[in-house]
Protein chains: 2
Amino acid sequence: MSIASVNDVHHDRINGNRKLAAITEPLGLGIGSSRRLTPRELVFGEGDPRTHLYSVVEGVLCSYKLLSDGRRQIDAFYFAGEVVGIGVGGTHAVNAEAISPAVVRSVPIGTVDRMVHSRPEFGWALLEIASQQLAEASEHLLNLGKRSVNERVSAFLISLAERCEHAGQDNAAIVVPMTRTDMADFLGMRLETVSRCVNRFKWLGLIETPQPNLIILKDRPALEAMAGGESRPS
Amino acid sequence: MSIASVNDVHHDRINGNRKLAAITEPLGLGIGSSRRLTPRELVFGEGDPRTHLYSVVEGVLCSYKLLSDGRRQIDAFYFAGEVVGIGVGGTHAVNAEAISPAVVRSVPIGTVDRMVHSRPEFGWALLEIASQQLAEASEHLLNLGKRSVNERVSAFLISLAERCEHAGQDNAAIVVPMTRTDMADFLGMRLETVSRCVNRFKWLGLIETPQPNLIILKDRPALEAMAGGESRPS
DNA sequence: CGAGAGGTTGACTGATCTCAACCCCCGTGG
DNA sequence: CCACGGGGGTTGAGATCAGTCAACCTCTCG
């Protein structure tokens, strides 16, 4: 079972190259020690030496940076199968913590080093993951820098829905694992603004929210229009 | 001379792992074809197949994404020695173009692939560059998401100054290679706002601007204070 | 039952955007 | 020589989107 877990197979190819499973399993790296996390529990902190590479087995993590007055910017959320803390530099540039009960698997950086040297395609695979994360960062920068609140929230909901689809879940009903505060810190706005925006979408009939953390997309095309189209050359 | 160029040696270790020179030279990859670019000339576009890896020999490039209505978000600027378009996925996620007269050196992705497989430490080095760029993206996300206009502009000026220092230039006089529009598109604001902010700093005595594209930092500590300190754990 | 976390809503404020005029510089061509 | 036009930059006045502050609501958990 260290080569591949049948349970994980359908998680492969999810969201391009973001998944470690797709890389580790073909390479026989189903190893590494697991750790269970409670919500808000830190995996690593900004400035910590980079000792391990982590992948999410279960639950959701996020990475973030803080300003000295407490303002927090969440860079990314990490779902099951995704890699956190990629890189090889001396220290982590961000903090990473669980936003829900979670399980992470960690691989010592020395093991990663050996893997890269013994199997160059492993290094290649890590590069694919890194470049995928860079692409997502670009998209996020576009959101924060140029999109309005409505556009950011609708783009966020759509990307959440796409992740659910790729994970084989229902395509319209999103179980939102993060709080309004987390969404706000991710989207560069205040939690009140998130709340207002989500409820505005509800009044417009674009979504339904039976519970605060369960959002059902009712009019996906309208949401996509509201997200403000990206300019994809031809 | 393909192993190491004496002229480039003092560029090594600049800004962490961002430089290709530090990697390519030890590895004997001083090769690749050069191309001269005029301002606003595109190196590659979003959605283009990733055929080459580029490094800046001279001048400054930027990478950006566009919305369909023309709004533009610049992700990063790239100075001499830095790598543009890193990654191995199928297509580029961003556009890249020159913002000044520039020269880029390009290495076919197939060559990169062979390098990674023949010399695993090359893959490792590319990972270092990618993780450095991810760290910079995190910092930029923090700027866009959580900092005010004043904070963003002062943080930007300081980071420009640090780049000049690392490049061995004067530590206080910054020759700003980009226009106010470029700065605005990078910092997530309007060019008028950039202008107002820069001039506000001038009235406050924090900087001097003999010419619009020459900024002299007069009170670095005050600028750093205005940037709003990052929370670096102990 | 009380306390706290998470969420919603309202009224007000204000930072930033918008629109517009204007300036300087520089190359071009009549 | 000078008129012209365009790019880049500055400045002002008004509009507005999102932030701020505050009240209140629901749930859950001791």
Side-chain angles (χ1 to χ4, degrees), chain A residues 38-41 60 62 67 69-74 98-101 143-154 156 175-204 207-215 226 228, chain B residues 38-41 60 67 69-73 98-101 143-154 156 175-204 207-215 226 228:
Chain A
T38 59
R40 306 271 87 113
E41 189 174 349
V60 184
C62 73
L67 291 175
D69 61 3
R71 282 176 287 177
R72 178 179 71 146
Q73 178 62 45
I74 295 180
I99 65 168
S100 70
N143 279 340
L144 296 188
K146 294 294 155 177
R147 291 216 239 240
S148 70
V149 162
N150 280 346
E151 291 170 334
R152 271 176 277 175
V153 172
S154 44
F156 176 69
V175 177
V176 180
M178 64 284 292
T179 66
R180 294 285 184 268
T181 300
D182 291 330
M183 289 178 54
D185 285 348
F186 179 74
L187 295 171
M189 49 209 240
R190 300 283 130 185
L191 71 166
E192 298 97 321
T193 309
V194 172
S195 179
R196 270 185 254 274
C197 193
V198 166
N199 289 323
R200 186 158 49 239
F201 289 177
K202 186 157 57 171
W203 299 139
L204 291 171
I207 62 174
E208 280 179 11
T209 61
Q211 304 157 21
N213 67 335
L214 177 59
I215 298 182
M226 179 162 291
Chain B
T38 59
R40 307 270 86 114
E41 189 175 348
V60 184
L67 291 175
D69 61 3
R71 281 175 286 177
R72 178 178 72 146
Q73 177 62 45
I99 64 167
S100 71
N143 279 340
L144 296 188
K146 294 295 155 178
R147 293 217 239 239
S148 72
V149 161
N150 280 346
E151 291 169 335
R152 270 176 280 176
V153 171
S154 44
F156 176 68
V175 178
V176 180
M178 63 287 290
T179 66
R180 295 285 186 270
T181 301
D182 291 330
M183 287 177 55
D185 285 349
F186 180 74
L187 295 172
M189 50 209 239
R190 299 283 128 186
L191 70 165
E192 298 96 322
T193 310
V194 172
S195 180
R196 271 184 254 273
C197 192
V198 166
N199 290 322
R200 186 158 50 238
F201 289 178
K202 187 158 54 172
W203 300 139
L204 291 172
I207 61 175
E208 280 178 12
T209 61
Q211 304 156 21
N213 67 334
L214 177 60
I215 298 181
M226 180 162 292

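Below, chain A is the first sequence line, B the second, and so on; all start at residue 1. None of these values were measured; they are calculated from a predicted model.
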For B/Thr179, give me all partners under side-chain contact (heavy atoms from CB on, under 4.5 Å), at least two apart in sequence or on another chain.
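For B/Thr179 the side-chain contact (heavy atoms from CB on, under 4.5 Å) partners, ignoring immediate neighbours, are B/Thr181, B/Asp182.
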
What residues form a side-chain contact (heavy atoms from CB on, under 4.5 Å) with A/Thr209, not counting sequence neighbours?
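With neighbours one apart ignored, the set is A/Val198, A/Lys202, A/Ile207, A/Ile215.
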
Closest heavy-atom pair, B/Asn143 versus B/Arg147, reported as atoms and distance to 0.1 Å, is OD1-NE, 2.7 Å

Considering residues at least two apart in sequence or located in another chain, which fulfil the side-chain hydrogen bond (donor to acceptor under 3.5 Å, both in side chains) criterion with [X]?
X        : value
A/Glu41  : A/Arg35, A/Thr38
A/Ser100 : none
B/Asn213 : none

Residues in salt bridge (charged side-chain N to carboxylate O under 4.0 Å, His left out) contact with B/Arg180, at least two apart in sequence or another chain:
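Checked B/Arg180 against salt bridge (charged side-chain N to carboxylate O under 4.0 Å, His left out); zero matches.
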
Those residues that, when tested against B/Arg71, pass salt bridge (charged side-chain N to carboxylate O under 4.0 Å, His left out) (two or more places apart)
A/Glu151, B/Asp69

Going 5' to 3' on DNA chain C, which nucleotide is the first and which the last to come under 4.0 Å of a heavy atom in chain B?
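First and last nucleotides in contact are C/dT16 to C/dA20.
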
Write out all pairs satisfying salt bridge (Lys or Arg N to Asp or Glu O under 4.0 Å) with one or both partners inside residues 184-196 of chain B, taking only residues at least two apart or from two chains.
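Salt bridge (Lys or Arg N to Asp or Glu O under 4.0 Å) check on residues 184-196 of chain B returns A/Lys146-B/Asp185, B/Arg72-B/Asp185.
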
Protein heavy-atom contacts under 4.0 Å, written 5' to 3' over nucleotides 23-30 of chain D as B (base), S (sugar-phosphate only) or - (none), form the string --------

Take nucleotides 9-20 of chain D nucleotide by nucleotide from the 5' end and write B, S or -, depending on whether a protein heavy atom sits under 4.0 Å from the base, only from the sugar-phosphate, or from neither.
SSBBB----SSB

Just to verify, what does B/Phe186 make a ring pair (Phe, Tyr, Trp, His ring centres under 6.0 Å) with, not counting sequence neighbours?
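Per chain and number, B/Phe186 pairs via ring pair (Phe, Tyr, Trp, His ring centres under 6.0 Å) with B/Phe77, B/His140, B/Phe156.
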
